[in-house]
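Data first, discussion second: the structure below is written as structure tokens.
Proteins get letters first, then strands, A, B, ... in listed order; numbering begins at 1 in each. Values reported hereafter were calculated over all heavy atoms of this structure, with side chains retained and with hydrogens, waters and symmetry mates removed. Everything numeric in this text was worked out from a predicted model, so none of it was measured.
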Amino acid sequence: MIMENQFVIYNTISRKKEVFEPLVPGKVGLYVCGPTVYSNSHLGHARAYITFDLLFRFLAQSGYKVRYVRNITDVGHLEDEIEEAGEDKISKKARLEKLEPMEVVQMYMNTFHRNMDALNVLRPSIEPRASGHIIEQQAMIESILKNGFAYEANGSVYFDVEKYNEKYNYGKLSGRNLEDIKINTRVLDGQSEKKNSFDFALWKKAAPEHIMRWPSRWSNGFPGWHLECSAMSTKYLGEQFDIHGGGMDLTFPHHECEIAQSTASQGKEAVRYWMHNNMITINGQKMARSLDNFITLDELFSGNHKVLQQAYSPMTIRFFILQAHYRSTIDFSNEALQASEKGLERLMSAVETLEEIKDSEQSTVNVVDLKNKCFAALNDDLNSPIAIAHLFEGVKLINSIKAGNERITASDLSDLKSFFRTFVFDILGLEDERANKDGGKNEILEGAVDLLLKLRMEAKANKNWDTADKIRNELSALGVEIKDTKEGFEWSVK
RNA sequence: GGUUCCUUGGCCGAGUGGCUAGGCAGCGGUCUGCAAAACCGUGUACGGCGGUUCGACUCCGCCAGGAACCUCCA
């Protein structure tokens, strides 16, 4: 299916586009940092997981067998690095809401799944949870300790960044060096049990009131946040794997720490290509929970938020996100979403029109060229906006053929149909939402509307414009979209 | 303060050392009883100032404005 073009991917660690070569021919190991499930999913999550969904779909479509691991962080994510007060997000939320921690986790995980399903984000191959991998995380701590890159203090275990940096390079991913970090890191209060403020927790002793805790030889406690991804990626993808993805905001410290952990425990780096999606901004500022300027996906779908002029469907949001390159920021605005909504509608109409097109003896269109351009765009570091731009050339072609200005042979037509289906539905992961809505059509409604529109045609034939316009106006007021055609009419439920 | 990055036409958003991005909106036309849809046509765009070059929106420098990370974040 895919052209012989090579897939090129921007590797954060080299800051260059590189030709993608999997560790094992034909197979790809992909790990993406999943959400910390302590609150509702928002637009930023949509961006991240749609980006990697596109990658997943495209690689699969390119013929790779992909194992896609995306975790759920349900423990160990420190709310605050202030030593003794260290408490993880889940358990804090649980106390606030008087729920079992696992109840909180379940609740927000359900929402996350529901939202991702709506956005047509495919489920990963494996979705491991941090709380289910305490043993693996402890084993990793042991090996880091054994290799001398961690130390125990007061029941907690910390990663010794300075020691690590003597042998390896801490900061290579984010482009920092330890000296700068030393100068610029916030100094913790005097009672720190860490050797250095930039050391990070591998195991954290639980305070008495802390609910989520597991026994270990160091203390009853819980694992540090950075550890879960290292432990779980190793478990499911091996000591080395192809692509690790996540939001740009995770580059430092999270991913930097992951590199340090893997290297410290196994003597070599685990990840070959680091891929980071950029942020969604609102009024030029990052949309984030901590900034309290985020819009949840449920709010977007329902239009129930003060900055929203209307509801935006999941596919509008997906299309909006795909219209920008994943490494650029995109600024949220009603105008931009509305433009995407219209554009998507035009694309989907063309997909429908494609089914009605009649073939000819000869083609005046070049389907192969169109296909090549679309695939080449995605091969070039997943350039979805370019791919979509070319897709709109296809839309123009389809409309021109329908209008009789261009012609297409039967074999080109079937080629074009299968290309559009594959590209729009399977790779870009778009769905025709109107098709679902038309499910609301039933035989009675269909018969009634058809009848009215036939009466309108008769009225038109008799030049009875008042009646014709009345039928048209009142039906559209009810949400029936009418198109007059040469043959008569078409309609759909808006 | 340190590190990295961004600044494109009314809006969104690609990209390139010289050749049409694309979408939305607008304008003119075709079609239509009128519209809608569709089609055709249509825009002196690249923050400012210098430099390199035959030629820069694209490379370099400076300036201005903005952002991300340096604390949890997709």
Side-chain angles (χ1 to χ4, degrees), chain A residues 12 15 32-36 38-39 41-52 73 77-82 88-89 171 174-177 179-181 183-186 188 198 225 245-254 256 276-281 284-291 294 319-320 323-325 327-347 349-350 353 377 380 383-393 395-396 398-400 402-406 460 463-465 468-469 472-473 476 481-486 489-490:
Chain A
T12 308
R15 286 143 212 275
V32 173
C33 289
T36 304
Y38 70 105
S39 177
S41 307
H42 57 77
L43 192 52
H45 293 110
R47 159 88 121 162
Y49 302 120
I50 286 171
T51 296
F52 293 105
T73 297
H77 202 155
L78 286 181
E79 176 72 26
D80 201 325
E81 266 286 355
I82 307 297
D88 83 69
K89 288 189 183 227
S174 56
R176 286 153 221 264
N177 65 68
E179 294 312 307
D180 290 341
I181 294 171
I183 295 162
N184 292 299
T185 308
R186 184 177 67 182
L188 298 164
F198 43 77
W225 171 41
M248 261 182 195
D249 49 354
L250 297 181
T251 311
F252 191 91
H254 185 53
E256 199 70 72
H276 291 99
N277 64 276
N278 212 137
M279 303 290 102
I280 287 200
T281 59
Q285 251 211 333
K286 177 177 158 185
M287 188 179 278
R289 253 188 299 257
S290 50
L291 297 172
F294 66 96
F319 190 64
F320 168 66
Q323 270 184 304
H325 185 83
R327 283 192 284 117
S328 307
T329 55
I330 4 178
D331 198 52
F332 164 86
S333 71
N334 282 286
E335 294 72 19
L337 259 320
Q338 283 158 11
S340 291
E341 185 178 68
K342 294 248 172 71
L344 177 62
E345 219 167 277
R346 202 153 90 84
L347 179 62
S349 294
T353 303
D380 182 15
N383 199 329
S384 52
I386 292 286
I388 290 171
H390 290 309
L391 221 43
F392 273 102
E393 288 171 21
V395 168
K396 216 167 183 177
I398 291 167
N399 287 330
S400 299
K402 175 93 189 292
N405 298 331
E406 302 272 4
K460 278 170 68 176
K463 300 201 193 294
N464 187 351
W465 310 128
D469 290 352
R472 181 174 67 193
N473 295 342
S476 31
E481 203 168 49
I482 299 157
K483 285 185 199 170
D484 286 349
T485 64
K486 282 203 183 86
F489 57 82
E490 286 171 9

Describe the nucleic acid contact of Met248(A) in one word from base, sugar-phosphate, nothing, applying a heavy-atom distance below 4.0 Å.
nothing
Side chain of Lys89(A) - closest among A74(B), C11(B), C72(B):
C72(B)
Does Ser333(A) have any side chain to side chain contact (heavy atoms under 4.5 Å, CB included) partners at least two apart in sequence or in another chain, and if so, which?
Glu335(A), Ala336(A)
For Asn334(A) and C24(B), give me the distance from atom CG to atom C1', rounded to whole Å.
14 Å
Can a donor-acceptor pair be found between the side chains of Asp331(A) and Thr281(A) at a distance below 3.5 Å?
yes
Between A68(B) and G29(B), how far apart are the two P atoms, rounded to whole Å?
47 Å
Expressed as a whole number of Å, how far does the P atom of C24(B) sit from that of A36(B)?
16 Å
Report all interatomic pairs (protein N or O, nucleotide N or O of nucleotides 35-43 of chain B) with separations under 3.5 Å.
from	atom 1	to	atom 2	distance (Å)
A35(B)	N6	Asp484(A)	OD2	2.7
A35(B)	N1	Arg472(A)	NH1	3.4
A35(B)	N1	Asp484(A)	OD2	3.3
A35(B)	N3	Arg472(A)	NH1	2.8
A36(B)	N1	Asp484(A)	O	3.3
A38(B)	O3'	Asn399(A)	ND2	3.2
C39(B)	OP1	Asn399(A)	ND2	2.4
C39(B)	O2'	Asn405(A)	ND2	2.9

Considering every strand and a 4.0 Å limit on heavy-atom distances, what is the contact class for Gly44(A): base, sugar-phosphate, or nothing?
base
Contacts of Thr12(A) meeting side-chain hydrogen bond (donor to acceptor under 3.5 Å, both in side chains) (sequence neighbours excluded), chain-then-number -> His276(A)
Could you measure between the two P atoms, the one in G51(B) and the one in G55(B), and give it in whole Å?
12 Å
Nearest-angstrom distance from the residue atom CD1 of Ile388(A) to P of C12(B):
18 Å
Identify whether NZ of Lys or CZ of Arg in Arg346(A) sits under 6.0 Å from the centre of the six-membered ring of Phe392(A) and within 45° of that ring's axis.
no
Rounded to the nearest angstrom, tell me the gap between atom NE2 in His390(A) and atom C1' in U20(B).
12 Å
Here the distance between atom C1' of G2(B) and atom CZ of Phe198(A), to the nearest Å, is 15 Å
Report each atom pair, protein N/O against N/O of nucleotides 14-17 of chain B, whose distance is under 3.5 angstrom.
from	atom 1	to	atom 2	distance (Å)
A14(B)	OP1	His325(A)	N	2.8
A14(B)	OP1	Ser328(A)	OG	2.9
G15(B)	OP1	Asn383(A)	ND2	3.3

Measuring only the C1' atom in each nucleotide, how far is G43(B) from A21(B)? A whole number of Å is fine.
15 Å
So, using salt bridge (charged side-chain N to carboxylate O under 4.0 Å, His left out) as the criterion, who are the partners of Asp469(A) when residues are at least two apart?
Arg472(A)
Atom-pair distance (CZ on Arg15(A); P on C6(B)), nearest Å:
12 Å
Between atom CD in Glu256(A) and atom P in U4(B), what is the gap in whole Å?
14 Å
Those residues at least two apart in sequence (or on a different chain) that pass side-chain hydrogen bond (donor to acceptor under 3.5 Å, both in side chains) with Asp380(A) are Lys17(A)
Looking at Tyr38(A), is Arg289(A) sitting on its ring face, NZ or CZ under 6.0 Å from the six-membered ring centre and within 45 degrees of the normal?
yes
With heavy atoms under 4.0 Å as the rule, sort Asn278(A) into base, sugar-phosphate or nothing.
base
How would you label the contact of Ala336(A) with the nucleic acid (heavy atoms, under 4.0 Å): base, sugar-phosphate, or nothing?
sugar-phosphate
Run the ring pair (Phe, Tyr, Trp, His ring centres under 6.0 Å) test against Phe332(A) and tell me which residues pass, sequence neighbours left out.
none
Would you measure the distance from the P atom in G17(B) across to the matching atom in C49(B) and give it in whole Å?
23 Å
Looking only at side-chain N and O atoms, does Arg289(A) come under 4.0 Å of OP1 or OP2 in A74(B)?
yes
With a non-hydrogen cut-off below 4.0 angstrom, is Ile280(A) in contact with a base, only sugar-phosphate, or nothing?
base
Pairwise 5' ranking along RNA chain B for Tyr49(A) and Phe320(A), keeping only the more 5' one
Phe320(A)
Just checking Lys286(A): base, sugar-phosphate only, or nothing, at a heavy-atom cut-off of under 4.0 Å?
base
What does His254(A) touch in the nucleic acid at a heavy-atom separation under 4.0 angstrom: a base, only the sugar-phosphate, or nothing?
nothing
Looking only at side chains, do Ser174(A) and Glu256(A) share a donor and an acceptor under 3.5 Å apart?
yes
Between A25(B), C70(B), A74(B), which nucleotide has the shortest distance from any of its atoms to the side chain of Pro253(A)?
C70(B)
Euclidean distance, atom CG of residue Asp180(A) to atom P of G2(B) [Å, nearest integer]:
10 Å
Residues which pass ring pair (Phe, Tyr, Trp, His ring centres under 6.0 Å) with His42(A), listed by chain and number, not counting sequence neighbours:
His45(A), Phe294(A)
Can you measure Asp331(A) atom CG to G65(B) atom C1' for me and round it to whole angstrom units?
15 Å
Closest to the Thr36(A) side chain: C72(B), A74(B), U4(B)?
A74(B)
Return the set of residues passing side-chain hydrogen bond (donor to acceptor under 3.5 Å, both in side chains) with Glu393(A) (not counting sequence neighbours), or none when no residue passes.
Lys373(A), His390(A)
Which residues pass the ring pair (Phe, Tyr, Trp, His ring centres under 6.0 Å) test with Phe320(A), sequence neighbours left out?
none
Between C59(B) and G65(B), how far apart are the C1' atoms? Round to whole Å, please.
22 Å
What interatomic distance, in whole Å, is found between C1' of A64(B) and the corresponding atom of A74(B)?
31 Å
Counting Watson-Crick and G-U wobble pairs with both distances under 3.5 Å, what is the dot-bracket string for RNA chain B, 5' to 3', using [ ] for crossing pairs and | for pairs to another strand?
(((((((..(((.....[...))).(((((.......)))))....(((((..]....))))))))))))....
With nearest nucleotides of RNA chain B determined for Ser340(A) and Gly246(A) from heavy-atom distances, which residue corresponds to the more 5′ nucleotide?
Ser340(A)
Distance only, no hydrogens: is a donor on one side chain within 3.5 Å (strictly under) of an acceptor on the other, for Ser340(A) and Gln323(A)?
yes
Between C6(B) and A14(B), how far apart are the two P atoms, rounded to whole Å?
12 Å
For Arg327(A), the side-chain hydrogen bond (donor to acceptor under 3.5 Å, both in side chains) test, sequence neighbours excluded, returns Asp381(A)
